[in-house]
Amino acid sequence: MAVSLMDFLKGLNAPQREAVVHTEGPLLILAGAGSGKTRVITHRIAYIITELRVPPSAILAVTFTNKAAGEMRERVHALLAEAAPNWLENSANPNAAPNVATFHSFCVRLLRRDGDPLAQIRPGFTRRFTIYDDDDQLTVIKSGYRALGFDEKDFLQYRAALSRISHAKNRKQSPEDLFRDATTLESERLAALYQFYEGALRSANALDFDDLLLETVRLLRHDTATRDAWNRRLSYVLIDEYQDTNRSQYELMRLLSESHQNVCVVGDEDQSIYSWRGADIKNILDFERDFPNAKIIRLEQNYRSTQNILSAAGAVVENNKARIGKKLWTESAAGERIGLYTAPDGENEALFIAHHIDRLLSSHPQDHVAVLYRTNFQSRQIEEALRRYGRKYNIVGGFSFYQRAEIRDMIAYLKLAVSQADSASLQRVINTPARGIGRATVEQIETLARERNLSMWGALEDAIEEQKLAARAHAALVSFRDMMRKIAEAAGTLPLPEAIRFILEKTGYRDMLLQEKTPESETRLENLDELISAAAEAAERGETIADFLDHAALVAEADAYDQTAPVTLMTLHNAKGLEFPAVFIAGMEQGLFPHSRSAVSPEALEEERRLCYVGMTRARKRLILTWAKYRRRFGGREPERSMPSCFLSEIPPQLMVEIGKREQPAELELFLERHEVQQAAKRNMFTGKTVNSLENIHQFFGERGKSFNGPKPPVESAPVRPAAQPSMPRPAAPRPPQRAARTGMTVDHPKYGRGTVVRREGEGEDAKITVNFPGYGLKKLVEKYAGLKRD
DNA sequence: ACTAAACTATATTTC
DNA sequence: ATAGTTTAGT
């Protein structure tokens, strides 16, 4: 007989153990940061499976990201393998994995499988619905503005309008409700736009992210049979990050646990950071009221951070009113004090961080460091600084591959091929590459679609049949229509990668890029090759085009993050649930963090404070906070004066130490070096952008292997590049004139190492060359300043 | 009528 | 810095 799981439970502390074995009835686990929450959840799942003999498929665990879901699945499996190998072997079900999903992926799966009855209350709905992501939503909003004659200048900005509509939807207000309550011109317009938006989604048989949840809830309410089936199917429901659930997620939880009430929610009210997305902190604050027989367990022992970090973070969040209140404690030593660095400006701040990381990783090469910031734009300077130090970094969010035009274009072609009603995708690809269908023509089709209540594809077909357009436009439309028909056929018959290849050829997309012959176009081609190979892998795993598209829509930024990278840059929001030995939080300034938009209400400020708490508690051993006295907003404008973040003054001074002060001899060196780095950097300044991120793409698609309910295929993390060269960039000495570098030549750059020249522009002194450096991507360099050596 | 090149306004956080 | 928009050119 194998080691019993009960033995494993001995490794847990008393409340943790209690949380594992209290399986029946509603349970709220208030899990402070670093209190071993994931351990509890995984043990609990394993316990239910082995001790209560519940089939894994009867357990649903909902996590916040796909990555967290994958990890959880993996850890449960490892636990079972160790604690109950016999169970695993004897299990009749080879898919011995519980359902672990995000709310969104769970809903997609439910709707694709059992969604038919939804058609009764959502006319036109079929299980082959399309998912409209952020970009598609904006396309619809823009069409709405055109159709209704609105202008961003005298009405809401697109994004603001979208968020207002989303809020109305989540409050279950219909466009008619909004009309009825409209008192101002703006609210009337919003109602009209909302009506247009809903109409557009329905006629495209599309669901946006809100709909995935809302419509699942509506389906379960409406159709008793489906609801009963799911209540029978699932006997235990577990929800992680409960503090960030919104209304419809709450309702979904209740509907799914209606008959058994075995619902376990895990959360921490101090880490609720998504109210702007509709998360309702009341869900966790009112759990006791919602479930009068609920058991509440507090996990208050922190196993992650040092005493100093914990005390400092606790002191900050204590200023909040909206909390249940708990006191985290730790057995860890006090540890280092929290570092505070005051930079003269943003560039210096970034260089300080890079320098510090460089030193840290030189002495502790195994450590992982995170740099956290409030807004994505802050990443640029830090990235640049890290590159100057030759440190590799991983960046989560901001510009990731699925925002890349070429990937989005291909996805849009596929979506349109699968569902011709998908008008947002049609608008994206109708003239990409340019094929003589300009704005005027598109608008005419849009109008026709509106008049006849058709999708744009339907309107396009009508326009052709009825010869509604001038000869030139007509011909262009005919050839687009015929091409799309062939593509749709190909998508229906060819294997996924072949279908993508077919699209690339048939649309002339590949030719367009081949003709461009710029470094950018070459990178795009490479990205597309990578997409094809990712598609091939997906096809091998048995994914259909529809599966592939679902994943593309549902996989989030945080899912593509590589944990093995030594340095990770991300927003504070993305850092939720992660931990690092060393953490930097940059931009601790009034107006930036807390963000100026939070000044509107005390509640908003409290959320910023929770965000600060989340950030600080990511750190295990070392936490360094930085701010800049002057910061430049936008391109080249003059820097603006800033004030230190109010959160800094909430940290007890005795827990902090200022670093970078002149009296510390070690830091003198920093300033000298900094000056050196700046000089070197100025000489090495490159224009142009980094466009190479093949690794990101690969990684992103690697994630998709984790199917919802199946065994997890081995996932290789993307290769981490060889250890960074520890060199500081030397100030470039004046160089003897060199013979010009030609295309194809291999050159050696003092910082980026060896690379291949891919392009040369201009003559003589001013010649600019573009070089592809493996690991850094394409760099545009002024040859005479670049300090290149030829091999 | 469409495309490419100049111009200008701009950046919370994201499933 | 860059995405989105206007304008001039084919």
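We name chains A, B, ... by the order of the sequence lines, and we start the count at 1 in each one. Only a predicted model underlies this, so the values are computations on that prediction, with no experimental measurement involved.
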>> Going by side-chain contact (heavy atoms from CB on, under 4.5 Å), name the residues that satisfy it together with A:Arg247, two or more places apart in sequence or in a different chain.
In response: A:Lys172, A:Tyr250, A:Glu251
> Of all the choices, C:dT5, B:dT14, B:dT12, which nucleotide is nearest to the side chain of A:Thr375 once you look at every atom?
Replying inline: B:dT12
> With rounding to whole Å, what would you report as the distance between B:dT13 and C:dG4 at their P atoms?
Replying inline: 15 Å
> So which of residues 587-601 of chain A are in contact with DNA chain B, with a heavy-atom cut-off of under 4.0 Å?
Replying inline: A:His595, A:Arg597
> In whole angstroms, how far is the P atom of C:dG4 from the CG atom of A:Leu138?
Replying inline: 9 Å
>> With a 4.0 Å cutoff (strictly under), does any side-chain N or O of A:Asn376 reach OP1 or OP2 of B:dT14?
In response: yes
> Whole Å only: how far is the NE2 atom of A:His573 from the C1' atom of B:dT12?
Replying inline: 8 Å
> Which of these passes ring pair (Phe, Tyr, Trp, His ring centres under 6.0 Å) with A:Phe593: A:Tyr373, A:Phe647, A:Trp627?
Replying inline: A:Phe647
> What integer distance in Å separates A:Arg633:CZ from B:dT10:P?
Replying inline: 13 Å
> Please give, in whole Å, the distance from B:dT13 P to A:Leu372 CG?
Replying inline: 14 Å
>> Side chain of A:Arg380 only, heavy atoms from C-beta on: which candidate in B:dT13, C:dT2, B:dC15 is closest?
In response: C:dT2
> Hey, mind stepping through A:Glu589 and A:Arg633 against salt bridge (Lys or Arg N to Asp or Glu O under 4.0 Å) and telling me if it holds?
Replying inline: CA-CA 13 Å; A:Glu589 291 143 41; A:Arg633 292 178 78 78; over 6 Å; no
> Nearest-Å distance, CG (A:Leu611) to P (B:dT14)?
Replying inline: 10 Å
> Taking only residues two or more places apart in sequence or in another chain, which ones pass side-chain hydrogen bond (donor to acceptor under 3.5 Å, both in side chains) with A:Glu607?
Replying inline: A:Ser275, A:Arg610
>> Can you see if the side chain of A:Asn574 gets near the phosphate of B:dT13 - specifically, an N or O under 4.0 Å from OP1 or OP2?
In response: no
> Quantified in whole Å, what is the C1' atom distance between nucleotide C:dT6 and nucleotide B:dA11?
Replying inline: 22 Å
>> Is the ring pair A:Trp276/A:His573 parallel, tilted or perpendicular, if the boundaries are 30 and 60 degrees?
In response: perpendicular
> Excluding sequence neighbours, so at least two apart, what forms side-chain hydrogen bond (donor to acceptor under 3.5 Å, both in side chains) with A:Asp134?
Replying inline: A:Arg159
> For A:Gln157 and A:Arg277, take the nucleotide of DNA chain B holding the closest heavy atom to each; which residue's nucleotide lies nearer the 5' end?
Replying inline: A:Gln157
> Rounding to a whole Å, what distance do you find between A:Phe103:CZ and B:dT14:C1'?
Replying inline: 16 Å
> Looking only at heavy atoms, what is the nearest atom pair of A:Leu513 and A:Ser521, with distance?
Replying inline: O-OG, 3.2 Å
> With sequence neighbours left out, what residues match A:Tyr242 under ring-ring contact (aromatic ring centres under 6.0 Å, His included)?
Replying inline: A:Phe287
> Between A:Tyr197 and A:Asp208, does any side-chain donor sit less than 3.5 Å from a side-chain acceptor?
Replying inline: yes
> Should the pair A:His104 and A:Phe209 be assigned to parallel (<30°), tilted (30 to 60°) or perpendicular (>60°) ring geometry?
Replying inline: perpendicular
>> Using a 5.5 Å cut-off between ring centres and planes within 30 degrees, is A:Trp276 stacked on the base of B:dT13?
In response: yes
>> Counting primed atoms plus P, OP1 and OP2 as sugar-phosphate and everything else as base, spell out the protein contacts along nucleotides 1-8 of chain B at 4.0 Å heavy-atom distance: B, S or - for each nucleotide, 5' to 3'.
In response: SSS-----
>> Does a side-chain N or O of A:Thr571 approach OP1 or OP2 of B:dT14 to a distance below 4.0 Å, or not?
In response: yes
> Taking CD1 from A:Ile395 and P from B:dT14, how many angstroms apart are they, rounded to a whole number?
Replying inline: 11 Å
>> Tell me the interatomic distance from A:Asp208, atom CG, to B:dC15, atom P, rounded to whole angstroms.
In response: 15 Å
